[in-house]
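Single-structure report; data block below.
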Amino acid sequence: GATVTKISGKGAPDILVRYRGAQGRPWAFEVKSATGQRTAAQQLTGWPIIRTVDEALRAIGVEGR
C-alpha cells in the first residue's frame with residue numbers, strides 16, 4: 001500500500017514515500033547502509049535516516065510485514 005519515489009539530489013532526501021494512495025501523508029527519507037553517514041549537504045537538512053525495510057515501515061506507521 002505504499003508508493004516510493006526516488007528523488008535524490010544534493011541536500012535532497014533519497015526517497016519520498018506515500019502510504020495509502022494519493023491521500024496519504026508523504027514522508028521523505030535518507031536511505032543509508034548500516035554504517036552509512038550523512039554527507040555535508042545532508043547534515044544541513046536533517047532528513048530522517050532509514051536503514052532497513054522494517055525501519056521504513058515503522059516510520060510510516062506500519063508494524064511488521
Side-chain angles (χ1 to χ4, degrees):
T3 302
V4 178
T5 304
K6 294 180 185 180
I7 57 171
S8 188
K10 187 173 183 173
D14 291 324
I15 60 172
L16 181 66
V17 179
R18 194 175 286 275
Y19 179 57
R20 296 194 174 149
Q23 303 305 316
R25 175 182 179 265
W27 286 273
F29 298 111
E30 280 297 319
V31 179
K32 298 287 183 196
S33 67
T35 59
Q37 300 295 315
R38 293 181 191 271
T39 66
Q42 291 167 347
Q43 289 178 12
L44 297 174
T45 62
W47 297 111
I49 293 177
I50 56 172
R51 298 178 188 277
T52 67
V53 172
D54 287 333
E55 282 184 10
L57 291 171
R58 281 193 302 275
I60 65 171
V62 178
E63 294 297 325
R65 287 191 251 181

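Position 1 is the first residue of the sequence, and the numbers go up from there.
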* **Result of checking Thr52, Val17, Val62 against Leu57 for side-chain contact (heavy atoms from CB on, under 4.5 Å)** => Val62
* When you measure from the side chain of Arg38 to the backbone N and O of Leu44, does any donor-acceptor pair fall under 3.5 Å? -> no
* **Test item: Arg51 side-chain N/O and Gly36 main-chain N/O as donor-acceptor pair under 3.5 Å** => yes
* Which heavy atom of Gln37 sits nearest a heavy atom of Gln42, and at what distance? -> O-OE1, 4.2 Å
* Residue pair Lys10 / Ala41: nearest heavy atoms and the distance that separates them -> CG-CB, 3.9 Å
* Asked: Are any non-hydrogen side-chain atoms of Ile60 and Phe29 less than 4.5 angstrom apart?
  -> yes
* To do: Please report the closest heavy-atom contact between Pro48 and Ala28, naming both atoms and the distance.
  => CD-O, 3.5 Å
* **Nearest atoms (heavy-atom pairs only) where Glu55 meets Ile49** => OE1-O, 4.0 Å
* To do: Report whether Val31 and Tyr19 are members of the same hydrophobic cluster (ILVMFWY, side-chain heavy atoms less than 4.5 Å apart, transitive linking).
  => yes
* Check the hydrophobic clustering (I, L, V, M, F, W, Y; side-chain heavy atoms under 4.5 Å; chains of links allowed) and say if Ile7 and Ile50 are grouped together. => no
* **Between CG on residue Leu16 and CH2 on residue Trp47, distance to nearest 0.5 Å** => 9.0 Å
